[in-house]
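One structure is given below, encoded as structure tokens.
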There are 2 protein chains.
Amino acid sequence: MSSCDCNIIHEEAVEKARKLMPEESKLYELADLFKVFGDSTRVKILYAISDFEMCVCDIALLLGMTQSAISHQLRVLKQARLVKYRKNGKSTFYSLDDEHVELIFKQGLMHINE
Amino acid sequence: MSSCDCNIIHEEAVEKARKLMPEESKLYELADLFKVFGDSTRVKILYAISDFEMCVCDIALLLGMTQSAISHQLRVLKQARLVKYRKNGKSTFYSLDDEHVELIFKQGLMHINE
DNA sequence: TGAACATATGAACAAATATTCATATATAAT
DNA sequence: ATTATATATGAATATTTGTTCATATGTTCA
């Protein structure tokens with residue numbers, strides 16, 4: 001909560017920056033959204049179901065992880081409205097619920113591959 | 001590490017999904033990148049410096065946080081190649097080092113605001 | 001109805017991480 | 001040179017979070 005002499009010069013800039021900042025709550029929502037993308041298991045799941053729906057068990061098999069771990073992560077993805085599901089008999093099939101997911105990934109990959 | 005009866009039906013799908021998955025290392029890189037975006041302090045910093053460069057002290061003042069906390073987070077952003085800096089006398093001025101940052105934010109906001 | 005199966009979930013544990021505090025480094029000014 | 005200022009950084013702490021384990025729920029099939 002300190003200040004520096006820069007402020008004398010840049011006081012205006014700080015004030016200007018403050019005005020340009022989005023609402024506090026939006027910033028938290030944004031960070032929370034990206035937090036969901038910030039785990040390799042969830043990234044793998046999202047890629048796995050990006051071409052066609054898959055059941056929980058198959059995702060677990062594909063990623064070599066337990067059903068429980070996958071189910072917990074699907075819950076997180078569901079809460080973030082990134083995946084949707086369809087129940088059929090004993091199985092539940094998950095698929096992407098957002099066209100932004102692929103765009104966000106694409107931008108991320110562009111940053112990595114430059 | 002279990003399997004289910006779905007696999008008998010969807011064995012092909014699992015194999016197909018496996019082939020469509022990007023390299024393991026890319027997925028980790030991607031998750032690590034989004035992890036950087038997944039913290040509200042870092043999101044705030046990125047927004048703060050998105051219009052013009054700011055010194056560490058001013059960012060701290062703007063966000064109402066300690067210089068130390070901001071400096072630690074700037075280090076994370078630097079390592080992810082999301083910010084660049086310019087030293088001038090005692091001060092260090094940080095600015096965005098990637099045109100993708102704004103695009104990624106934009107996509108994130110579109111998801112939130114739908 | 002009972003057994004087998006697919007998924008979900010709560011609690012516990014382990015690992016990762018954000019902030020604070022103290023201090024180091026580096027530049028500027030007197 | 002000494003002092004003040006701006007930033008960086010290591011260690012410690014507190015919190016968050018991912019996985020595991022055990023178990024609950026719900027569906028199918030004999």
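Each chain gets a letter, A, B and so on, in the order its sequence line appears, and its residues count up from 1. Just so it is clear, the model here is predicted, and its values are computed rather than measured. Keep in mind that the numbers below use all heavy atoms, side chains included, and drop hydrogens, waters and symmetry copies.
Note: CD1 (A:I70) to C1' (C:dA8) measures 14 Å, nearest angstrom. Going from atom CZ of B:F93 over to atom C1' of D:dA8 covers 16 Å, rounded to whole Å. The CG-P distance, from A:L74 to D:dT19, rounds to 12 Å in whole Å. When rounded to the nearest whole Å, the span between CG of A:L61 and P of C:dA6 equals 12 Å. Rounding to whole angstrom units, CZ of residue A:F37 and C1' of D:dG18 are separated by 18 Å. Rounding to whole angstrom units, CZ of residue A:R86 and P of C:dA6 are separated by 16 Å. Going from atom CD1 of B:I45 over to atom P of C:dA18 covers 11 Å, rounded to whole Å. The distance between atom CG of B:L77 and atom P of C:dT17, rounded to the nearest whole Å, is 14 Å.
Each of A:R75 and A:S91 was assigned the nucleotide of DNA chain C with the nearest heavy atom; the assignment lying further toward the 5' end belongs to A:S91.
Among all heavy-atom pairs drawn from B:A48 and B:L62, the shortest one is CB-CD2, 3.6 Å. Taking each heavy atom of B:V83 and B:D97 in turn, the nearest pair found is C-CB, 3.4 Å. In plain terms, the two heavy atoms of B:C55 and B:F93 that are nearest each other are N-CD2, 3.6 Å. Scanning both residues, B:I49 and B:S95, for their nearest heavy atoms gives CD1-C, 3.6 Å.
Checking C:dT9, C:dT7, D:dG18 against every side-chain atom of A:R42, the shortest atom distance belongs to D:dG18.
Between B:Y94 and the phosphate of D:dA8, there is a side-chain N or O to OP1/OP2 separation shorter than 4.0 Å.
Using a 4.0 Å cutoff on non-hydrogen atoms, the parts of residues 22-36 of chain A near DNA chain D are A:K35, ordered by number.
Atom CZ of A:F37 sits about 6.0 Å away from atom CG of A:L46, to the nearest 0.5 Å.
Residues that satisfy the salt bridge (Lys or Arg N to Asp or Glu O under 4.0 Å) test with B:E15, not counting sequence neighbours, are B:R18. A:S71 meets the side chain to side chain contact (heavy atoms under 4.5 Å, CB included) test with A:Q67; sequence neighbours excluded.
Placement of B:M65 and A:M21 within a single hydrophobic cluster is found when ILVMFWY residues are connected by side-chain heavy-atom separations under 4.5 Å, directly or transitively.
Residue contacts shown for B:S71 include a base, since a base heavy atom lies under 4.0 Å away.
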Below 3.5 Å, can you tabulate the donor-acceptor pairs from side chains in residues 24-36 of chain A to any protein atom, sequence neighbours excluded?
| residue | atom | partner | partner atom | Å |
| --- | --- | --- | --- | --- |
| A:E24 | OE2 | B:K44 | NZ | 3.1 |
| A:K26 | NZ | B:N113 | OD1 | 2.6 |
| A:Y28 | OH | B:K44 | NZ | 3.3 |

Quiz: residues 104-112 of chain A side-chain donor-acceptor pairs under 3.5 angstrom, not counting sequence neighbours:
| residue | atom | partner | partner atom | Å |
| --- | --- | --- | --- | --- |
| A:H111 | ND1 | B:D98 | OD2 | 2.1 |
| A:H111 | NE2 | B:A80 | O | 2.9 |

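Applying the side chain to side chain donor-acceptor pair (under 3.5 Å) test to every pair with at least one member in residues 77-90 of chain B, sequence neighbours left out, gives these pairs: B:E53-B:R86, B:K78-B:Y94. For residues 48-75 of chain B, no residue pair satisfies the ring-ring contact (aromatic ring centres under 6.0 Å, His included) rule, not counting sequence neighbours.
The C1' atoms of five pairs define one axis at each end of the helix from C:dT1-D:dA30 to C:dT30-D:dA1, and these two axes lie 20° apart (to 10°).
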In B/S/- notation, 5' to 3', how is nucleotides 19-30 of chain C contacted by protein heavy atoms closer than 4.0 Å?
SBBB----BS--

